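Throughout, numbering of the chain's residues begins at 1 and tracks the sequence. All of these numbers come straight from a predicted model, not from anything done at the bench.
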Amino acid sequence: MAVEPLSQKEIEDRLAELPGWSVDDAGRLSRSYRLGSHVAAAALVMHIAAVQDELDHHSDLTLGYHTVSLTVHTHSAGGAVTAKDFGLARRVEDIAPGHNAH
């Protein structure tokens with residue numbers, strides 16, 4: 001079954017439920033996290049990688065010094081943002097230290 005791009009209104013509604021997430025200039029769903037140490041950031045990358053494998057949906061994931069950034073869009077939907085991207089974003093938000101109070 002094909003994954004359909006979300007409308008601008010659907011994207012805005014879903015973003016309202018995920019503070020800190022936005023759509024970047026390239027049209028991808030994105031978020032950065034600042035953690036207490038480089039080791040904590042690296043551990044978050046490993047957790048995100050495991051979730052991505054579980055969902056079979058992968059983001060561009062960048063590890064920096066104390067930071068983790070990710071951007072995601074759905075290739076099979078022409079690079080648009082879809083419900084799959086928000087599903088991944090929600091799962092990442094749920095495991096990110098200090099960011100899971102919702």
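- Shortest non-hydrogen contact noted between S37 and A40 is OG-N, 3.0 Å.
- Between E12 and the options Q8, K9, R14, a side chain to side chain donor-acceptor pair (under 3.5 Å) holds for only Q8.
- In this structure, M46 CE and L63 CG are separated by 11.0 Å, a value rounded to the nearest 0.5 Å.
- A donor atom on one side chain and an acceptor atom on the other are found under 3.5 Å apart for S69 and S32.
- Going from atom CG of L18 over to atom CZ of F86 covers 6.5 Å, rounded to the nearest 0.5 Å.
- The OG1 atom of T74 lies 11.0 Å from the CD atom of E4; values are rounded to the nearest 0.5 Å.
- In this structure, D56 places its CG atom where only 12 or fewer heavy-atom neighbours from other residues, nucleotides or ligands lie under 6.0 Å away.
- Using a 4.5 Å cut-off on side-chain heavy atoms (C-beta onward), E93 and W21 make contact.
- A heavy-atom distance below 4.5 Å is not found between the side chains of H66 and L35.
- Residue S30 forms a side-chain contact (heavy atoms from CB on, under 4.5 Å) with just one option from T71, L70, V72, and that option is T71.
- By the 6.0 Å contact criterion, NE2 on H57 is enclosed, its count of non-hydrogen atoms from other residues, nucleotides or ligands being greater than 12.
- Residues L44 and P97 approach most closely at CD1-CD, 4.2 Å, considering heavy atoms.
- In this structure a side-chain-to-backbone donor-acceptor pair under 3.5 Å is present from D85 to T82.
- The heavy-atom pair separating P5 from A77 by the smallest distance is CG-O, 4.1 Å.
- Under the rule for a ring pair (Phe, Tyr, Trp, His ring centres under 6.0 Å), the partners of H73 that lie at least two apart in sequence or sit in another chain are H75.
- Considering only residues two or more places apart in sequence or on other chains, E10 meets the side chain to side chain contact (heavy atoms under 4.5 Å, CB included) condition with L6, S7.
- When atom types are taken as modelled, the side chain of R28 and the backbone of S59 share no donor-acceptor pair closer than 3.5 angstrom.
- Across all their heavy atoms, E17 and R90 have their closest contact at O-NH2, 3.0 Å.
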Should T67 and T62 be marked as a side-chain contact (heavy atoms from CB on, under 4.5 Å) after you check the CA-CA gap, both sets of side-chain angles, and the distance that decides it?
-> CA-CA 8 Å; T67 61; T62 304; over 6 Å; no
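- Counting heavy atoms from C-beta on, the side chains of L55 and R91 come closer than 4.5 Å.
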